S.K.: 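Pasting in a structure now, in structure tokens, and then I'll have a few things to ask.
Every number for a ligand or one of its atoms is a count from 1 in the order of the listing. What you are looking at is a predicted structure, and each value in this text was computed from that prediction instead of being measured.
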Amino acid sequence: MLAQRNLFTLWLLLLLHVSGSVMRFNLFKQSERNPVPQEGDVRLFGGSVFEGRVEIYHEGYWGTVCDDGWGMAEAQVVCRQLHFPGAKSVVIGKNYGKASGPIWLDDLTCKGTENHLFTCAFTSWGTTDCSHKEDVGVICATTGTNMTISDSTHSLDHSISLSDELGQIFDSGNGCDFLILIQSATGNREEDGTPEMVGTTICTHKIILSQFPLFNASEGITSITVPISQSCQPHFTSFIRYIYTRKVDVTFSSAQCLHWMAYTFGVKQLMEDTGRLFSKILPEDPLFNTQVSLYEYAEETGDLVLQENCIQYLAWNYENLTMSPAWTHLSVNLLGSLLTRSDLVVPDEYFLLQTVESWITEKGNTTSLETQLDLLNRIRFPMIPAETLYDLEYNSSLYSTHKNMYREKILEAFQFNVLLFSNLISNPKFNREDDHFQPRFYTTKPWSTVIIPNQTSSHFQYGGHRGYYQTPTKSLSTPVHNSLIFNRNKVNWEASVFKNQYECSNRGMRCDSLPMARLITYNHLTDQSNITFRNRLLLMCQGKYICHVQDFKANVAYVNGTQVLTYPCPDDQYTYRFVVRPEYV
Ligand SMILES: *[C@@H]1O[C@H](CO)[C@@H](O)[C@H](O)[C@H]1NC(C)=O
Ligand SMILES: *[C@@H]1O[C@H](CO)[C@@H](O)[C@H](O)[C@H]1NC(C)=O
Ligand SMILES: *[C@@H]1O[C@H](CO)[C@@H](O)[C@H](O)[C@H]1NC(C)=O
Ligand SMILES: *[C@@H]1O[C@H](CO)[C@@H](O)[C@H](O)[C@H]1NC(C)=O
Ligand SMILES: *[C@@H]1O[C@H](CO)[C@@H](O)[C@H](O)[C@H]1NC(C)=O
Ligand SMILES: *[C@@H]1O[C@H](CO)[C@@H](O)[C@H](O)[C@H]1NC(C)=O
Ligand SMILES: *[C@@H]1O[C@H](CO)[C@@H](O)[C@H](O)[C@H]1NC(C)=O
Ligand SMILES: *[C@@H]1O[C@H](CO)[C@@H](O)[C@H](O)[C@H]1NC(C)=O
């Protein structure tokens with residue numbers, strides 16, 4: 001587990017590393033499209049994400065740095081410029097592959113506090129008596145600690161039969177009739193001005209590749225050229241071998257490349273499965289950059305599984321998202337999609353309105369009035385308590401800008417609050433299917449309560465000679481419905497988390513697996529026949545993020561093993577949040 005956590009951290013840093021000084025970034029776009037480097041940019045070449053030969057961009061060329069005067073202070077500047085916390089060590093005399101460009105910097109002296117390598121003192125650009133043998137490298141620190149790098153392997157196996165035989169055919173290359181030329185740009189230009197490329201060739205069989213039309217392996221075509229980022233080049237052979245065998249070992253560091261290749265060549269199953277791996281890393285980024293950029297990448301590649309995984313995480317953890325640096329950079333599209341979701345976890349609907357208003361205000365006049373209206377229209381005003389609605393005119397920052405919309409919404413919400421649903425639905429405005437009359441997952445009183453098993457008297461106690469657990473239990477009282485007319489009509493609930501069989505049998509219950517959460521009411525709800533309760537159990541991991549949401553079936557929800565979790569939670573340290581959700585039916 002520890003190795004895996006380190007790995008997650010590494011992967012996260014890998015994502016952050018490319019982020020640049022603004023918080024928005026996109027690893028995927030970066031690696032595939034080689035955005036134009038800027039004067040003075042640095043990169044690490046030929047190693048890994050956090051290690052490599054130091055190269056600096058000047059006058060249109062990537063060049064190296066000579067080892068004269070190279071030390072930790074200089075390495076610190078490079079690593080910090082690349083958004084690592086710092087340097088771990090300097091590397092001298094290691095061959096990170098052929099360097100052909102200029103040697104830009106020599107006799108370099110940094111204080112160690114500079115933000116850019118080129119602001120350190122050095123002779124002058126390109127003035128040097130060094131050879132490429134003296135090029136320097138660095139290993140950047142990926143966390144504050146000396147972590148060990150590991151990369152666990154996930155084997156994907158979609159094979160049916162003949163997988164091994166087909167693998168052998170690919171490995172041997174016998175009878176191959178279709179060449180794939182893989183090419184990566186180094187970022188420099190040849191003397192004649194064309195981009196310098198490095199690459200290899202793989203010989204394949206047309207009949208195998210023709211299953212995927214995007215390879216163009218059809219009659220009359222004998223080769224294709226595939227442009228690919230240098231970091232993905234080593235994984236291309238595994239990708240092609242997958243086309244033969246339908247098996248591949250995926251690591252977190254190869255997942256991004258495999259996903260992109262699968263997308264490029266329309267290999268849907270591989271794309272979806274590697275996309276699922278990404279879901280495991282979502283909780284690791286408290287800054288929410290990973291989740292947001294993965295969502296955008298998924299949207300762009302049409303990977304609906306990945307897209308849903310990202311947006312669901314954002315919906316469940318919406319409150320933290322609004323406090324993160326990624327918040328003000330959310331696209332209109334993403335915010336709009338979040339606002340349509342019923343599984344948005346928020347204290348209450350008014351909180352949601354306030355966050356949207358502040359998002360719009362922060363964006364200033366960059367969002368059009370139509371866009372603002374479109375976003376505000378997705379707020380479920382009927383879910384806002386009547387007394388808060390009454391204050392909106394004075395408390396809402398956008399009321400005066402969108403007076404008509406607010407007035408109309410507030411009126412509609414008041415109608416909802418004072419009329420029975422059976423009256424409302426005779427009005428075409430109140431569509432039964434409309435989500436605006438259904439609650440989201442509200443976490444404030446009275447709709448929700450929390451049980452933290454260790455804190456809520458779950459300790460082992462000794463009564464006489466007999467040990468027993470006291471099942472943590474909380475009670476809460478909610479109205480029968482969010483609408484004001486039901487305000488005095490209360491339901492009493494009992495929420496508990498069962499952690500051992502003894503307690504289950506003590507209560508005369510059968511617990512099929514443990515832990516088991518129960519949310520039960522003894523009130524008779526039959527006279528509210530048009531209201532039903534769709535309550536939810538939210539599992540919060542280590543008090544930090546929501547990793548799972550579950551329905552109650554016959555008042556109980558089983559929480560068994562990490563395999564059921566939507567997002568991983570180390571050590572299964574859950575906080576149980578019970579949410580009561582009445583809906584008109
Ligand atoms: C990392 O390792 C180096 C040497 O191996 C040691 O000097 C340094 O204190 C370690 N740093 C941490 C944070 O453990
Ligand atoms: C396949 O052919 C189309 C149309 O000629 C072309 O646009 C595309 O780039 C080709 N794909 C590859 C991988 O060469
Ligand atoms: C938006 O605001 C900026 C500065 O507040 C101003 O310079 C610009 O003209 C405004 N643009 C529009 C379209 O109102
Ligand atoms: C509206 O603002 C007033 C004064 O700032 C405050 O007393 C009141 O509680 C606010 N109403 C809501 C619903 O937040
Ligand atoms: C909570 O209880 C479990 C066993 O019931 C124990 O393993 C765990 O360490 C406890 N956690 C805390 C934070 O006390
Ligand atoms: C979890 O579920 C599996 C099968 O669904 C069952 O075999 C196992 O005993 C359960 N674990 C606990 C602790 O109940
Ligand atoms: C339930 O709704 C139907 C119409 O949808 C209405 O005829 C009926 O009276 C309602 N029942 C109650 C108890 O409100
Ligand atoms: C979310 O916010 C809570 C409260 O501010 C904080 O304790 C928690 O660590 C945050 N979670 C993440 C993943 O940042």
S.K.: Distance to 0.1 Å, residue and atom name: give those for the protein heavy atom nearest to atom 9 (O) of ligand 2.
M.R.: Asn216 ND2, 4.7 Å
S.K.: Any carboxylate oxygen within less than 4.0 angstrom of a Lys/Arg side-chain nitrogen, looking at Asp171 and Arg241?
M.R.: yes
S.K.: Could you tell me whether atom 2 (O) of ligand 2 has at least one protein heavy atom nearer than 4.0 Å?
M.R.: yes
S.K.: Is atom 7 (O) of ligand 2 in close reach of the protein, with a heavy atom under 4.0 Å away?
M.R.: no
S.K.: Report the C-alpha separation of His205 and Phe170 in whole Å, then their side-chain angles, then the decisive distance to 0.1 Å, and conclude whether the ring pair (Phe, Tyr, Trp, His ring centres under 6.0 Å) test is met.
M.R.: CA-CA 8 Å; His205 299 82; Phe170 172 68; 8.0 Å; no
S.K.: Among all the protein's non-hydrogen atoms, which is closest to atom 14 (O) of ligand 4, and how far away is it?
M.R.: Asn395 ND2, 3.4 Å
S.K.: Any nitrogen or oxygen of Asp391, side chain or backbone, less than 3.5 Å from one on ligand 4?
M.R.: yes
S.K.: Could you tell me whether Glu55 and Arg43 make a salt bridge, using a distance below 4.0 angstrom between a side-chain N and a carboxylate O?
M.R.: yes
S.K.: Which ligand 2 atoms are under 4.0 Å away from a heavy-atom of Leu214?
M.R.: 11 (N), 13 (C)
S.K.: Can you find a protein heavy atom closer to atom 12 (C) of ligand 2 than 4.0 Å?
M.R.: yes
S.K.: Output yes when Arg440 and Glu583 qualify as a salt bridge under the 4.0 Å nitrogen-oxygen rule, no when they do not.
M.R.: no
S.K.: Would you call Asp273 and Lys268 a salt bridge, using N to O less than 4.0 angstrom?
M.R.: no
S.K.: When you measure from the side chain of Arg536 to the backbone N and O of Arg534, does any donor-acceptor pair fall under 3.5 Å?
M.R.: yes
S.K.: Can you sort out which atoms of ligand 2 are near Ile224, meaning under 4.0 Å from one of its heavy atoms?
M.R.: 13 (C), 14 (O)
